[in-house]
Amino acid sequence: MGSDIFNVAQLNGIVKYDAAVNGPTIKYTIGRDDLTITAMGAEMTAAIGLNSWASFTGSMDKAYIAGDIAMQEHEVNDVVKSLRSNNIEVVALHNHMLGDNPRMIFLHYLGSGQAATLAQSFRTALDQLGKRKAMNMMH
């Protein structure tokens with residue numbers, strides 16, 4: 001059904017990942033292959049929640065996006081600036097894990113507009129990840 005509502009191939013091309021179609025929604029789930037993160041001795045992976053995701057509903061012309069971005073602390077400001085400059089509302093910033101190394105911060109967001117524009121906004125936020133080395137931050 002989502003593939004009837006959205007031009008999934010076009011959105012996949014923008015996001016550079018393949019969406020999962022679930023009824024009237026499509027969802028991108030993207031891990032952090034550039035990092036190895038452990039929490040309490042276990043490796044965290046995309047399959048158990050260390051991922052960024054975007055879910056789309058609506059239509060190509062009037063879409064809604066909601067999701068989460070998994071970031072290192074030094075990536076937060078660049079991701080927030082990217083989302084806000086693309087009219088995506090930042091809803092929450094928090095951590096999901098205890099004892100994670102490196103420490104990960106999760107950002108929840110939502111927005112509305114044309115699906116292609118929202119997909120580009122999500123892609124631009126993803127492009128902020130892994131751009132520069134972490135600074136030595138004290139906790």
Side-chain angles (χ1 to χ4, degrees):
M1 188 173 191
S3 59
D4 296 338
I5 299 168
F6 290 103
N7 182 336
V8 177
Q10 178 188 6
L11 298 177
N12 286 352
I14 294 168
V15 177
K16 300 179 186 168
Y17 286 91
D18 290 334
V21 177
N22 185 10
T25 67
I26 63 170
K27 183 177 181 182
Y28 295 93
T29 303
I30 301 156
R32 287 295 303 257
D33 295 338
D34 60 320
L35 299 173
T36 300
I37 294 103
T38 59
M40 298 186 298
E43 184 175 347
M44 301 289 100
T45 65
I48 58 174
L50 183 67
N51 58 58
S52 297
W53 60 271
S55 184
F56 290 78
T57 191
S59 66
M60 284 300 289
D61 289 331
K62 187 171 170 107
Y64 301 90
I65 188 173
D68 205 352
I69 297 187
M71 308 164 289
Q72 290 186 276
E73 288 182 10
H74 70 276
E75 297 168 328
V76 171
N77 288 334
D78 290 339
V79 170
V80 168
K81 286 177 189 174
S82 172
L83 290 169
R84 286 185 174 165
S85 71
N86 286 295
N87 297 315
I88 302 290
E89 184 175 343
V90 174
V91 179
L93 280 169
H94 58 270
N95 60 328
H96 288 183
M97 300 173 280
L98 298 174
D100 49 331
N101 185 24
R103 184 179 180 129
M104 298 300 292
I105 304 296
F106 293 81
L107 178 151
H108 294 266
Y109 64 89
L110 59 88
S112 62
Q114 292 187 336
T117 302
L118 295 172
Q120 185 58 58
S121 299
F122 177 59
R123 178 71 249 172
T124 300
L126 291 176
D127 288 343
Q128 305 311 305
L129 304 178
K131 284 176 81 169
R132 54 189 168 116
K133 290 281 186 197
M135 298 179 297
N136 236 354
M137 299 184 126
M138 301 199 48
H139 296 277

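All values reported here derive from a predicted model rather than from experimental measurement. Heads up: numbering here begins at 1 and tracks the sequence.
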### Query
Is there side-chain contact between R103 and I105, with heavy atoms separated by less than 4.5 Å?
yes
### Query
For S52 and A70, which heavy atoms make the closest approach, and how far apart are they?
OG-N, 3.0 Å
### Task
Compare all side-chain heavy atoms of T57 with those of I5 and state whether any distance is below 4.5 angstrom.
no
### Query
Mind checking whether M60 and L11 have side chains closer than 4.5 Å, heavy atoms only?
yes
### Task
May I ask you to test the L93-F106 pair for a side-chain heavy-atom distance under 4.5 Å?
no
### Task
Please confirm whether the backbone N or O of N12 pairs with a side-chain atom of Y28, one donor and one acceptor, at under 3.5 Å?
yes
### Task
Indicate whether the side chain of T124 and that of Q128 have a donor and an acceptor atom separated by less than 3.5 Å.
no
### Query
Hey, does N95 have a side-chain heavy atom less than 4.5 Å from the side chain of E73?
no
### Task
Determine the interplanar angle of the H94 and H108 rings, folded into 0 to 90°, and report it as parallel if under 30°, tilted if 30 to 60°, perpendicular if over 60°.
parallel
### Query
Honestly curious: do L107 and W53 fall in one hydrophobic cluster under the side-chain, below-4.5 Å linking rule?
no
### D127: partners by side-chain hydrogen bond (donor to acceptor under 3.5 Å, both in side chains), with sequence neighbours left out
R123
#### Entry: Point-to-point distance, once rounded to the nearest 0.5 Å, from OH of Y17 to CD1 of I30
5.0 Å
### Query
Would you find a donor on one side and an acceptor on the other, under 3.5 Å apart, between the side chain of N7 and the backbone of Q10?
yes
### Message
Can you confirm whether N87 sits close enough to S112 that some side-chain heavy atom of one is under 4.5 Å from a side-chain heavy atom of the other?
### Response
no
### Summary
Between A19 and I26, the two heavy atoms sitting closest are CB-CB, 4.1 Å
### Query
Is it the case that one hydrophobic cluster holds both I14 and Y64, taking links as side-chain heavy atoms less than 4.5 Å apart, direct or via other members?
no
### Message
Between S55 and K27 (side chain of the first, backbone of the second, donor and acceptor by atom type, cut-off under 3.5 Å), is there such a pair?
### Response
no
### Summary
Nearest heavy-atom contact between A125 and I69 is CB-CD1, 3.7 Å
### Task
Indicate yes or no: at least one non-hydrogen side-chain atom of N77 is less than 4.5 angstrom from one of V80.
no
### Query
Do any pairs count as a salt bridge (Lys or Arg N to Asp or Glu O under 4.0 Å) and have a residue in residues 9-24, sequence neighbours left out, and if so which ones?
none
### Task
For residues Y109 and A54, report the shortest heavy-atom separation together with the two atoms involved.
OH-CB, 3.2 Å
### Message
Nearest 0.5 angstrom please: I88 CD1 to T117 OG1, how far?
### Response
9.5 Å
### Task
Specify the closest pair of heavy atoms between Q72 and E75, including all atoms of both residues, with the distance to one decimal.
N-OE1, 2.7 Å
### Query
Cluster partners of V91, using ILVMFWY side-chain heavy atoms under 4.5 angstrom, listed by chain and number?
L110
### Closest non-hydrogen atom pair, F6 against A63
CE2-CB, 4.1 Å
### Task
Would you sort out whether F56 and T25 count as a side chain to side chain contact (heavy atoms under 4.5 Å, CB included), showing the intermediate values?
CA-CA 5 Å; F56 290 78; T25 67; over 6 Å; no
### Message
Once rounded to the nearest 0.5 Å, what's the spacing between atom CD1 of I65 and atom CZ of F122?
### Response
6.5 Å
